[in-house]
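Working notes for the structure below.
In what follows, chains carry the letters A, B, and so on, assigned in the order in which the sequence lines appear, proteins first and then strands, with residues in each chain numbered from 1. Computation of the quantities below employed the complete heavy-atom set of this structure, encompassing side-chain atoms and omitting hydrogens, waters and symmetry-equivalent molecules.
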Amino acid sequence: MPALAGKVALITGAARGQGRSHAVRLAAEGADIIAIDICAQIESVPYPLARPADLEQTAAEVRALGGRIVTAHADVRSQAELRAAVDAAVGELGRLDIVCANAGIHSSAPAHELPEQAWQDLIDVNLTGVWLTCKVAVPHIIAGGRGGVVIVTASVAGHKPYATISHYVAAKHGLIGLTKTLAQELAPHGIRVNAISPTQVDTDMIQNDMIYRQFVPDAERPTREQFAEASQATNLLPVPWVEPSDVSDAVAFLAGDGARFITGASLPVDAGVLAK
Amino acid sequence: MSTSTTSASTASASPSGAGRLAGKVAFITGAARGQGRSHALRLAREGADIIAIDLCGPLPTVGYPLGTPEDLAMTVDLVEELDRRIVAVPADVRDLASLEQALAVGVAELGRLDIVCANAGILSSGSLADLTEEAWREMIDINLSGVWRTCRAAIPHLIAGGRGGSIVLTSSVAGLKSYPNIAHYVSAKHGVTGLMRTLAVELAPHRIRVNSVHPTQVDTDMIQNDVMYRLFCPDSENPTKEEFAAASRATGLLPVDWVEAIDVSNAVLFLASEDARYITGTALAIDAGALMI
């Protein structure tokens with residue numbers, strides 16, 4: 001029997017990138033999926049966010065594995081939208097066991113030049129959105145009485161700084177604090193709470209001009225190859241970035257019983273960044 | 001500017017004219033009382049002039065009285081008793097424009113900016129189920145985004161001065177470890193640690209150092225209140241100061257119930273002074289050993 005047979009996993013930011021990869025991976029392990037994504041643009045984000053067709057693609061890939069999936073367009077900044085989506089989906093699938101608070105955005109500027117809206121949007125999505133996801137979803141896990149797992153997508157930036165992304169680093173550091181606090185609060189319910197801390201992951205969030213410029217500030221029009229070189233220099237292992245499936249492997253491990261006594265941890269998937 | 005004569009006479013009249021911060025100007029948020037007032041007095045005693053702001057009013061999700069205009073006026077009196085100059089205005093760290101305005105006035109009057117103490121902060125509590133979205137947002141907006149706004153408003157003045165500078169962010173032991181039932185506070189304070197590290201990287205080329213202080217419980221109005229007593233003594237119906245003191249003492253290694261504001265101010269002074277000229281990106285705990293538990 002697959003490791004997660006009979007379980008239900010909620011994933012935010014599931015339309016593409018890491019979120020889609022987690023959905024497909026957990027479905028392959030037997031879980032039914034609740035997939036949420038804003039499927040709309042946020043103005044301060046300088047690269048295209050997912051569209052409705054992306055979320056439909058995630059659903060198609062999960063169904064192709066024989067899994068059930070409920071999708072919803074919801075903004076993690078809105079408790080009302082999240083609550084409506086999660087309550088309806090849990091009603092349909094019957095339970096909730098696993099939460100992957102994965103939705104996140106990125107933008108870039110020195111702290112003293114960052115527009116206030118960019119700071120606010122990023123803190124709202126990457127930090128407050130994770131708390132709201134937990135606030136809405138965890139009561140369903142508690143109600144099940146079977147324990148469960150929360151996996152927070154932090155970052156190596158939750159542990160170390162990077163210039164020109166003070167809001168991202170602050171939000172991700174905040175998530176490490178949130179993870180440990182919720183691990184304390186939810187342990188009596190048998191709910192484990194852990195973070196994953198990836199280095200650069202090969203998704204649309206990094207394969208764009210803004211990130212290329214952040215990593216290669218001295219080039220006028222940095223190329224993917226220049227970015228790859230700069231990105232690889234941040235890692236110990238000789239790879240420019242990791243794949244979404246690498247992060248999903250860590251998520252599947254933390255979601256499974258093999259990690260039954262692991263809580264409050266931050267698992268790096270970072271090609272050695274944090275060992276530097 | 002017409003301040004040169006007054007500035008010179010003030011400096012020469014001051015017994016602290018040769019202090020470790022003589023001639024410097026420090027911006028302090030949350031300066032009406034508590035740690036903020038203590039920082040203002042400690043830095044003034046070493047010769048710094050002060051730009052002091054405080055909200056000076058209540059907040060919807062904060063269950064204890066905050067600083068008042070009278071408190072801020074008292075800070076002004078106490079700094080002036082030390083023969084230092086102070087510009088004090090009510091301002092809200094949630095409102096970037098109010099911070100920019102306060103700094104514009106303060107720097108125009110005092111002539112420069114060297115030191116920033118992003119100290120303003122609040123406390124509330126609640127489990128994941130009980131904590132309201134309003135309380136979460138107010139906390140993040142003040143204790144995290146308010147620290148960034150403070151820096152956002154102040155850094156251009158430091159850079160414009162061309163003399164480097166020192167930024168000290170007030171985090172907490174909760175910026176390095178977790179405590180149940182204050183997820184918003186722990187998240188905000190961890191975020192401040194990340195912000196400190198990032199600013200240290202970004203501002204080093206300008207010789208601006210950025211560090212954070214991480215106190216355990218400090219004996220101020222923010223902890224000597226019913227909200228905090230209940231957080232620390234959840235099983236007691238009406239926890240007393242004595243019960244809180246015992247529970248608070250148990251969070252540290254050294255046999256003290258809490259630390260005093262002056263202990264944090266001494267750390268801030270060290271980080272603000274030339275004694276710490278090559279210290280940047282550091283999280284300095286004033287915690288009686290709490291991080292070892």
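The shortest distance between side-chain heavy atoms of A:T128 and B:E133 does not fall below 4.5 Å. Side-chain atoms of B:W148 and A:I123, non-hydrogen and from C-beta on, never get closer than 4.5 Å to each other. A heavy-atom distance below 4.5 Å is not found between the side chains of A:H173 and B:V192. Looking at A:K135 and B:T132, their side chains never come closer than 4.5 Å, going by heavy atoms from C-beta outward.
Residue A:H159 touches chain B through its backbone alone, counting heavy-atom pairs closer than 4.5 Å. With a threshold of 4.5 angstrom between heavy atoms, A:L178 approaches chain B through its backbone and through its side chain. Heavy atoms closer than 4.5 Å to chain A are found in both the backbone and the side chain of B:L131. Both the backbone and the side chain of A:P110 come within contact range of chain B, judged by heavy atoms closer than 4.5 Å. Contacts of B:A188 with chain A are absent, with no heavy-atom separation under 4.5 Å from either backbone or side chain.
Put simply, CG on B:L195 and CH2 on A:W119 are 5.0 Å apart, with the number rounded to the nearest 0.5 Å. Expressed to the nearest 0.5 Å, how far OG1 of B:T193 lies from CD1 of A:I176 amounts to 11.5 Å. Interatomic distance, CZ of B:R137 versus CD of A:Q79, reported as 9.0 Å (0.5 Å rounding). Between the NE2 atom in B:H184 and the CG atom in A:L127 there is a gap of 12.0 Å [rounded to 0.5 Å]. Taking CG from A:L175 and NE2 from B:H190, the interatomic distance works out to 10.5 Å, rounded to the nearest 0.5 Å.
Across every non-hydrogen atom of B:D141 and A:Q120, the tightest pair is OD1-OE1, 4.0 Å. Between A:G177 and B:S178, the shortest heavy-atom distance links the atoms O-CB, 4.3 Å. Minimum heavy-atom separation, A:A170 to B:L144: CB-CD1, 4.0 Å. The shortest heavy-atom contact between B:L199 and A:A111 is CD2-CB, 3.3 Å. Listed here is the closest heavy atom pair of A:T181 and B:N181: CG2-N, 4.3 Å. Minimum interatomic distance between B:E202 and A:I165 (heavy atoms only, all atoms of both residues): OE2-N, 3.9 Å.
Ion pairing between B:R152 and A:E116 fails under the 4.0 Å rule for side-chain N and carboxylate O.
In terms of modelled atom types and a separation under 3.5 Å, the side chain of A:K180 and the main chain of B:L176 share a donor-acceptor contact.
Remark: B:R277 CZ is loosely packed, at most 12 non-hydrogen atoms of other residues, nucleotides or ligands lying under 6.0 Å away. Within 6.0 Å of CZ on B:R163 lie more than 12 heavy atoms contributed by other residues, nucleotides or ligands.
The aromatic rings of B:W136 and A:W131 lie parallel to each other, their planes meeting at an angle below 30°, with 60° marking the opposite boundary.
Of the listed residues (B:P180, B:C151, B:G175), the greatest number of heavy-atom pairs within a distance under 4.5 Å of chain A belongs to B:P180.
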